[in-house]
Amino acid sequence: MTVTTSGKPARRGALSARFAAGFVAMLLGGSVAIAAPAVAATPEPTPTPMPTPEIPPGTTAFTLSPVASGIVYPGDSLTVSVTLQNATSLPTDPVEVTLELGDQPITDRRSLTSWLDGSSTNLETSPVATTTLESVQAQSEYSQGMLVDADDSSMLDLASGIYPLVATYEDDEEVRSTSVMIIPNDSADAGTAIGVIVPVTAPSLTGGLLTSNELAELTSANGSLSNQLKAVEGTPAILAIDPAIVAAIRVLGTAAPESAVEWLNNLLALPNSRFALQFGDADVAVQIEAGLSEPLAATTLTPYMSEQDFLSQGEEPVSATPSATPTPTPTTDTDTDTDPLLPDLSALLDIGAASSGIYWPAPNSLDDDTLETLGAVMIDDLASVTLLSSDETAAGAAGATVGARVGIDDADALAYDTEISTALHAASLQDNSALRSAELTAATAQLMLAGANAGGAALLVTVDRDSDRSSVALRTAILAAAEAPGFTATDLTALIDASERRMQLVEAEEEPERVSEAKRLLDDETELNRFASILEDPTLLTGPERAELLQLLSVSWIGNRGWSREVDAHREQTDTTLDSVALLPSSTINLLGAGAGLGFWVRNDLPYPVELVLYTSPDDLRLDVQRATPVVATASSNTRIEVPVQARVANGEVTLTLQLRSRTNVAIGDAEYVQVNVRAEWEAFGIGALAVVVGGLLIVGVIRTVQRTRASATNQPEPEAAASELASDEAPDRKDDE
């Protein structure tokens, strides 16, 4: 299917279109107008503009789309539509479109591919219908139908096969769009088995689990997860389910949104064959290339759970309050017999009866070493099976059809057809039914030839990962493959149990930047695991870290320009966590005694208490220090540690080296260095000096007291002189008295 795109600005023109019979218009639906061959006269309605086309700005695109995936049974008419998308700023001119059909079928896939992609123009075709495609307004699109009656001479006597179709118009140069008409073989055996794998995934995440609000949105009536579920209901699709989605619902317990619980119940009730993707749909190939011996798995989701969400559920678990930073499960004072039973990891991740040990790496990401490593992983005593695209095999890359079950060296694998899967995926993303039909026709044509060339082997196709598509588009793509003429849908077990065909792998191009980022994330996780040993329950940190790491390695991030930015943000968050516990800097300490306790402070920014040991080492023998001092640092606070020391009889400067370590002897933070000025003899000297001063003061006091006493005694008169003086003093008084 060729979509011809032109960068030439459109020219102004009139607005009119032709309609054919009403029943044909209903086949195409929407605002598509159908025109009969040029000999028929029809009314001229005003076309309804479609939404802004999804093509490069400033260009137009012309697409030929057969109705019903291009399948025309003997005795039926051929109905097609031609669509002109206009992403320019001017309306287009009216153009005369000619439809041509070939009378010789295309019999090999290489020729079909080159015809559909427009690289081949040497197939003979003849005009079978014409129509006028009226002016298309700027930033809109318009589809017009064309009909070739079953009794038209070009349709008579055509045997079963795939016939070339092309629509053209002149605009300075010829503009072409190619497709095909498919006439099925009614007598063909309808037993060719086909498996259709459909992923059930969420949009790209940076957190470990979807939050309650995100789940409510995704499982709402028109949410992405609801659309995916509606699309697969009643189909034989093989489901590839991201277990992180079901876990996100279960960890909420009674707090889970009602729509999410209903969605989960409906998913588990589906009879479809299924298997679990990696947690978060993490890419297994990049993990192996980053140096792991097997893909990572989630370790625990308990930090996301709250016991209060399970109080009324007894032993029926599903858990927690997912948040950017999970909070620890609160403890209760109730008797342990009445405590709620939280679900274990296997219960949280359960997707129903499923095949185990299936790995689905990103397309075209495998090399021999990666595939060999994945193939060596044993799960439930069975070798794992790796999904890969047919183009990753030597036969598929050469254009041959590759059956589903293949073996490459010692690895078991399932190969899905690249070209068919690519067309189905493109169709699943297209909401415009006319444009979707172009992709479905290409997929069906490739499928017809693949079935003829498969030699009886079952085929496998996928409708690859994407969380943003309508249920109608996805369902149509699934059924186009599962119900294709001559095919019978099969399940995953039958595909795995089929006889394998030996193949060689064509190694994919390396993605050094992505592998390098993955290595950094893994190194950071290793550091965080060591750091988490300071917690009584290390999984409070390690569980969410593993979940977030796997989400960042999701296949959905491939090609997203924001991925590196999110990885950097996650690494910064990890660095913040690793720096959340440390010693506060200390100033110089003056030790003015023989023995004392030196105080230091531990900063703990984590919401959990941590158990540490402070190791203290002096660089001089002047100071004896308690080498190991245990401490429990309280959550979100600073905690004081007192380290006993004993100074020897000496003075000087001593440098203490302080290092926090976990109970498992993991260094926490950088070492701190504190200078201590030791004045060990000050106390004795000080007491002696004080004694001398006090003694001196006492002696001086005694001397002064004695001196005062003597001075007083020296100044007293003799007793006889005193008596005479007294008598002489009294004599005049007596005379006066007389």
Please check if the side chain of Gln278 supplies one atom and the backbone of Val284 the other of a donor-acceptor pair under 3.5 Å. no
Please give me the minimum heavy-atom distance between Leu429 and Asp468, naming the atom from each residue. CD2-O, 4.2 Å
Is the backbone N or O of Leu382 less than 3.5 Å from a side-chain atom of Asp380, with the two atoms forming a donor-acceptor pair by type? no
Is there a donor-acceptor contact under 3.5 Å linking the side chains of Arg469 and Ser428? yes
Count the heavy atoms of every other residue, nucleotide or ligand shown that sit under 6.0 Å from CD of Glu510, and state whether that count exceeds 12. no
Can you find a pair of side-chain heavy atoms, one from Pro343 and one from Met305, that are under 4.5 Å apart? yes
With a 4.5 Å heavy-atom cut-off, do Leu549 and Leu522 have their side chains touching? yes
Atom CD of Glu672 and atom CD of Gln659: how far apart are they, to the nearest 0.5 Å? 9.0 Å
Hey, does Thr616 have a side-chain heavy atom less than 4.5 Å from the side chain of Thr657? no
Does one side chain, of Glu545 or His570, offer a donor that lies under 3.5 Å from an acceptor on the other? yes
Does a donor on one side chain sit under 3.5 Å from an acceptor on the other, for Ser470 and Asn227? no
Does the side chain of Tyr673 reach to within under 4.5 Å of the side chain of Ser586, using non-hydrogen atoms? no
Answer yes or no: is there a side-chain heavy-atom contact under 4.5 Å between Pro618 and Thr655? no
Which atom names give the shortest non-hydrogen contact between Ala244 and Leu209, and what distance separates them? O-CD2, 3.6 Å
Does the salt bridge (charged side-chain N to carboxylate O under 4.0 Å, His left out) test come out yes or no for Glu642 and Arg640, once each step is laid out? CA-CA 7 Å; Glu642 188 168 288; Arg640 190 176 187 274; 3.2 Å; yes
Would you confirm whether Gln551, through its side chain, and Gly208, through its main-chain N or O, come within 3.5 Å as a donor-acceptor pair? yes
Donor-acceptor check, side chain of Glu566 to backbone of Leu552, threshold 3.5 angstrom: yes or no? no
Report yes or no: does Trp263 contribute a side-chain atom to a donor-acceptor pair with the main-chain N or O of Leu225 at less than 3.5 Å? yes
Using distance alone, with no hydrogens and no angle criterion, decide if Ser533 and Thr664 have a side-chain donor and acceptor under 3.5 Å apart. yes
Any side-chain donor near an acceptor of the partner, Gln573 and Thr577, under 3.5 Å: no
Just checking, any donor-acceptor pair under 3.5 angstrom between side chains of Asn604 and Thr634? no
Tyr359 vs Val385, side-chain contact (heavy atoms from CB on, under 4.5 Å): CA-CA, chis, key distance, verdict: CA-CA 6 Å; Tyr359 293 132; Val385 177; over 6 Å; no
Please determine, by modelled atom types, if Ser467 and Ser224 share a side-chain donor-acceptor pair under 3.5 angstrom. no
To the nearest 0.5 Å, how far apart are CD in Glu294 and OG in Ser384? 9.5 Å
Before you tell me yes or no, could you show the steps for Glu262 and Ser259 under side-chain hydrogen bond (donor to acceptor under 3.5 Å, both in side chains), namely the whole-Å CA-CA distance, both residues' side-chain angles and the distance that decides it to 0.1 Å? CA-CA 5 Å; Glu262 182 181 3; Ser259 61; over 6 Å; no
Nearest heavy-atom approach of Ala237 to Asn272 is O-ND2, 2.9 Å
I'd like to know if the side chain of Glu233 reaches the main chain of Leu270, judged simply by a donor and an acceptor atom lying under 3.5 Å from each other, with no hydrogens or angles considered. no
Would you find more than 12 non-hydrogen atoms of other residues, nucleotides or ligands less than 6.0 Å from Arg530 atom CZ? no
More than 12 foreign heavy atoms under 6.0 Å from CG of Asp619: is that the case here? yes
Cation-aromatic face contact Arg514/Trp557, 6.0 Å, 45 degrees: no
Enter the distance from Ile288:CD1 to Ser293:OG here, rounded to the nearest 0.5 Å. 7.0 Å
Rounding to 0.5 Å, atoms OG1 (Thr219) and CG (Leu267) come to a distance of 12.0 Å
For a 4.5 angstrom cut-off between non-hydrogen side-chain atoms, does Phe310 reach Thr254? no
Under the criterion side-chain contact (heavy atoms from CB on, under 4.5 Å), I'd like the reasoning laid out for Thr574 against Glu527: C-alpha separation, chi angles, the key distance, then a yes or no. CA-CA 9 Å; Thr574 301; Glu527 288 299 314; over 6 Å; no
Contact check, side chains of Arg565 and Asp568, non-hydrogen atoms, under 4.5 Å: no
Using side-chain contact (heavy atoms from CB on, under 4.5 Å), reason through Leu656 and Val625 one step at a time and then give a plain yes or no. CA-CA 9 Å; Leu656 297 181; Val625 181; 3.8 Å; yes
Would you say the side chains of Ser220 and Glu217 form a donor-acceptor pair under 3.5 Å? no
Check Leu614 against Leu583 and note the closest heavy-atom contact, atom names and distance. CD1-CD1, 3.8 Å
Going by heavy atoms in the side chains, are Ile351 and Arg274 under 4.5 Å from each other? yes
I'd like to know if the side chain of Asp242 reaches the main chain of Gly280, judged simply by a donor and an acceptor atom lying under 3.5 Å from each other, with no hydrogens or angles considered. yes
Could you report the tightest heavy-atom contact between Leu606 and Val581, atom names first, then the distance? CD1-CG2, 4.0 Å
Counting neighbours of CG on Asn265 that are heavy atoms of other residues, nucleotides or ligands and sit closer than 6.0 Å, is the number greater than 12? yes
Shortest non-hydrogen separation from Ala221 to Lys230 and the atoms involved: O-NZ, 3.0 Å
Worked verdict on Leu474 versus Asp466 for side-chain contact (heavy atoms from CB on, under 4.5 Å): CA-CA 10 Å; Leu474 179 56; Asp466 204 296; over 6 Å; no
Salt bridge between Glu517 and Lys519, side-chain N to carboxylate O under 4.0 Å? no
Would you say that more than 12 heavy atoms from the other residues, nucleotides or ligands in this model lie under 6.0 Å from the CG of Asp410, or not? no
Before giving the answer on side-chain hydrogen bond (donor to acceptor under 3.5 Å, both in side chains), spell out for Arg546 and Thr542 the whole-Å C-alpha distance, their side-chain angles and the decisive distance to 0.1 Å. CA-CA 6 Å; Arg546 173 60 62 83; Thr542 61; over 6 Å; no
Any donor and acceptor pair, going by atom type alone, linking the side chain of Thr639 with main-chain N or O of Ala633 inside 3.5 Å? no
What's the spacing between Arg465 CZ and His425 NE2 if we round to 0.5 Å? 10.0 Å
Would you say Ser346 and Asp344 are linked by a side-chain donor-acceptor pair, where the criterion is simply a distance under 3.5 Å? yes
Could you tell me the separation between the CG atom of Leu505 and the CG atom of Asp367, rounded to the nearest 0.5 Å? 7.5 Å
Taking Glu572's backbone N and O only, do any of them form a donor-acceptor pair with Thr576's side chain (distance below 3.5 Å, no angle check)? yes
For Asp537 and Thr539, test the side chains for any donor-to-acceptor distance below 3.5 angstrom and give the result as yes or no. yes
CD of Glu536: more than 12 outside heavy atoms within 6.0 angstrom? no
Are Thr526 and Asp523 close enough that a side-chain donor and a side-chain acceptor fall under 3.5 Å? no
Using 30° and 60° as the class boundaries, would you call the ring planes of Phe275 and Trp360 parallel, tilted or perpendicular? tilted
